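What follows is a single structure, written as structure tokens, with notes after it.
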Amino acid sequence: MAKVDFTGVQATMLVTLYLRAADAGESKPVLGDRFAADAVERIDFDWRKIDKPAIMRNRFAVALRSKQFDEWAADFLRRHPDATVLQLACGLDTRAFRLDLPSSVRWFDLDLPDVIALRRKLYEDGDRYRMIAASATDADAFDEIPDDKPVLVIAEGLLMYLREAEVRRLLLRITHTFPGGELIFDGVMPWIAKTTQVLKKYFSRWFYDYPAYWTPMREGRDVERWNPRIRFRDEAAIMAQYDQVPDPGVRRLYRIGVRFAGFRKYLRVFRAEF
């Protein structure tokens with residue numbers, strides 16, 4: 001068993017892992033991430049901290065978001081079967097194992113050293129799969145990534161936790177390092193970012209481990225303002241995909257909620273090219 005006791009931003013990876021595993025346990029799962037379910041069994045953590053109604057009701061939204069990332073990643077790899085994939089702040093994501101990768105794809109999962117240390121207890125490096133211990137904001141984080149093929153950069157649950165200046169530097173590093181490719185990422189609306197900052201500032205006693213969002217995103221085209229070499233392509237409103245939710249009550253809630261712009265834009269995934 002791999003013992004773990006993360007807090008703050010890193011604790012969110014335990015939440016998303018457990019929620020993906022919970023979805024896998026449904027009779028008709030949205031994502032069906034059996035690798036997440038296996039990881040939960042192999043990690044020594046008090047999962048009762050997460051297994052609460054207020055958290056568990058988000059399992060379908062998390063699964064839908066991951067599925068959208070998977071679909072866009074698979075689409076890119078169909079068009080570029082010899083590509084390189086760089087997944088930033090990978091946490092305990094299992095996308096490299098969930099997808100049916102072409103034999104010539106090289107996949108790199110990057111995260112902080114303690115996160116990668118845990119991943120190495122669960123997974124192994126191989127000829128086409130490697131884990132890199134570094135922060136996505138490190139100046140030399142991409143030194144080991146080949147730059148001779150189209151690159152897919154995946155930033156799920158990352159940009160909103162960085163300051164805007166850090167986001168700008170990261171995007172510049174991506175376009176300066178790699179010859180071209182795509183970037184898929186998600187973002188939060190300004191009111192959501194502001195709310196988390198208030199919670200951290202005034203209610204830190206109760207929200208000690210609650211990570212604050214710092215870089216809001218009104219539209220996916222914000223990346224063009226941060227880096228003119230990046231061109232926004234499209235977006236997907238996750239809550240609008242309610243027809244995939246197996247739970248009738250949650251499906252009804254999403255269907256009603258998407259009539260309102262604030263709810264519809266609550267969780268979005270974006271795709272851009274560079």
Side-chain angles (χ1 to χ4, degrees), residues 10 13 33 35 39 66-159 161-162 166-186 220 223-224 226-234 269-274:
Q10 290 167 259
M13 73 178 187
D33 188 352
F35 299 98
S66 292
K67 186 176 181 180
Q68 184 63 64
F69 272 92
D70 282 7
E71 290 176 352
W72 278 350
D75 174 67
F76 180 86
L77 295 178
R78 280 192 295 269
R79 290 180 282 117
H80 305 281
D82 60 345
T84 297
V85 180
L86 171 59
Q87 184 163 231
L88 302 174
C90 62
L92 295 174
D93 184 78
T94 61
R95 183 164 291 115
F97 315 119
R98 292 197 303 267
L99 296 180
D100 184 15
L101 302 180
S103 60
S104 53
V105 165
R106 296 167 294 184
W107 190 292
F108 297 85
D109 274 340
L110 182 148
D111 211 322
L112 298 172
D114 51 355
V115 175
I116 295 299
L118 174 58
R119 286 189 67 92
R120 292 191 187 283
K121 296 179 181 179
L122 302 172
Y123 315 115
E124 295 182 357
D125 288 322
D127 293 339
R128 298 187 297 119
Y129 174 75
R130 283 187 56 199
M131 292 172 279
I132 297 178
S135 168
T137 59
D138 288 347
D140 59 352
F142 301 164
D143 286 357
E144 300 178 46
I145 313 299
D147 60 0
D148 58 335
K149 302 291 184 180
V151 176
L152 173 65
V153 180
I154 303 174
E156 181 178 6
L158 171 63
L159 301 187
Y161 292 116
L162 304 178
E166 293 177 311
V167 174
R168 289 176 179 270
R169 286 195 295 269
L170 174 59
L171 296 179
L172 284 172
R173 191 169 298 123
I174 289 172
T175 58
H176 287 168
T177 302
F178 305 118
E182 290 184 5
L183 167 68
I184 53 178
F185 56 101
D186 52 349
V223 293
E224 296 180 348
W226 294 330
N227 184 338
R229 294 183 62 185
I230 298 177
R231 297 179 300 279
F232 171 74
R233 286 189 57 183
D234 53 8
V269 176
F270 307 101
R271 175 161 56 168
E273 59 188 9
F274 59 93

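Keep in mind it's a predicted model, so treat the numbers as computed, not measured.
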### Query
Can you check ring pair (Phe, Tyr, Trp, His ring centres under 6.0 Å) on Tyr123 and Phe97, steps first, answer last?
CA-CA 10 Å; Tyr123 315 115; Phe97 315 119; 4.8 Å; yes
### Candidate pair Phe185 and Leu88, rule side-chain contact (heavy atoms from CB on, under 4.5 Å), full reasoning
CA-CA 10 Å; Phe185 56 101; Leu88 302 174; over 6 Å; no
#### Entry: Derivation of the side-chain contact (heavy atoms from CB on, under 4.5 Å) call for Leu122 and Leu92
CA-CA 9 Å; Leu122 302 172; Leu92 295 174; 4.1 Å; yes
### Query
Going through the checks in order, is the side-chain contact (heavy atoms from CB on, under 4.5 Å) test met by Asp33 and Thr94?
CA-CA 8 Å; Asp33 188 352; Thr94 61; 2.8 Å; yes
#### Entry: Evaluation steps, side-chain contact (heavy atoms from CB on, under 4.5 Å), between Leu77 and Val85
CA-CA 9 Å; Leu77 295 178; Val85 180; 3.9 Å; yes
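For Asp143, there are no salt bridge (Lys or Arg N to Asp or Glu O under 4.0 Å) partners at least two apart in sequence or on another chain. Qualifying side chain to side chain donor-acceptor pair (under 3.5 Å) partners for Arg169, counting only residues two or more places apart in sequence or in other chains: none. Scored by the side chain to side chain donor-acceptor pair (under 3.5 Å) test, Asp147 finds no partners at all (sequence neighbours excluded). Not counting sequence neighbours, Phe108 has no partner by the ring pair (Phe, Tyr, Trp, His ring centres under 6.0 Å) test. Remark: Arg173 pairs with no residue by the salt bridge (Lys or Arg N to Asp or Glu O under 4.0 Å) rule, at least two apart or across chains.
Here the closest heavy-atom approach between residue Leu112 and residue Ser135 is recorded as CD2-CB, 3.7 Å. In plain terms, the two heavy atoms of Ala141 and Ala136 that are nearest each other are CB-O, 4.4 Å. Between Ala155 and Leu183 the shortest heavy-atom distance is CB-CD1, 4.5 Å. Minimum interatomic distance between Ile230 and Ala272 (heavy atoms only, all atoms of both residues): CG2-CB, 3.6 Å. In terms of heavy atoms, Leu101 sits closest to Ala96 at CD1-O, 3.5 Å. Closest of all the heavy-atom pairs between Asp75 and Arg79 is OD2-NH2, 2.9 Å.
A donor-acceptor pair under 3.5 Å is absent between the side-chain atoms of Asp138 and the main chain of Asp140, judged by distance alone. Put simply, the side chain of Asp111 gets close to the backbone of Cys90: a donor and an acceptor are under 3.5 Å apart.
Distance check: Glu71 CD to Arg271 CZ gives 10.0 Å after rounding to the nearest 0.5 Å. In this structure, NZ on Lys149 lies 7.0 Å from CZ on Arg106, to the nearest 0.5 angstrom. A distance of 15.5 Å separates OH in Tyr161 from OG1 in Thr137, rounded to the nearest 0.5 Å. The CZ atom of Phe76 lies 10.0 Å from the CD atom of Glu273; values are rounded to the nearest 0.5 Å. Rounded to the nearest 0.5 Å, atoms CG (Leu86) and CH2 (Trp107) are 10.0 Å apart. To the nearest 0.5 Å, the span separating CZ on Phe270 from CG on Asp186 amounts to 8.0 Å.
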Please list, one pair per line, the donor and acceptor atoms closer than 3.5 Å that link side chains of residues 125-134 to other protein atoms, with sequence neighbours excluded.
| from | atom 1 | to | atom 2 | distance (Å) |
| --- | --- | --- | --- | --- |
| Asp125 | OD1 | Met131 | N | 2.7 |
| Asp125 | OD2 | Arg120 | NH1 | 2.6 |
| Arg128 | NE | Ser103 | O | 3.3 |
| Arg128 | NH1 | Pro102 | O | 2.9 |
| Tyr129 | OH | Asp109 | OD2 | 2.8 |
| Tyr129 | OH | Arg119 | NH2 | 2.7 |
| Arg130 | NH2 | Glu144 | OE1 | 2.3 |

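Checking Val223, Leu171, Thr175 one by one against Phe274, the side-chain contact (heavy atoms from CB on, under 4.5 Å) holds for a single residue, Thr175.
Looking only at side-chain heavy atoms (C-beta outward), Ser66 and Arg98 come within less than 4.5 Å of each other. Between Leu159 and Leu170, some side-chain heavy-atom pair lies under the 4.5 Å cut-off.
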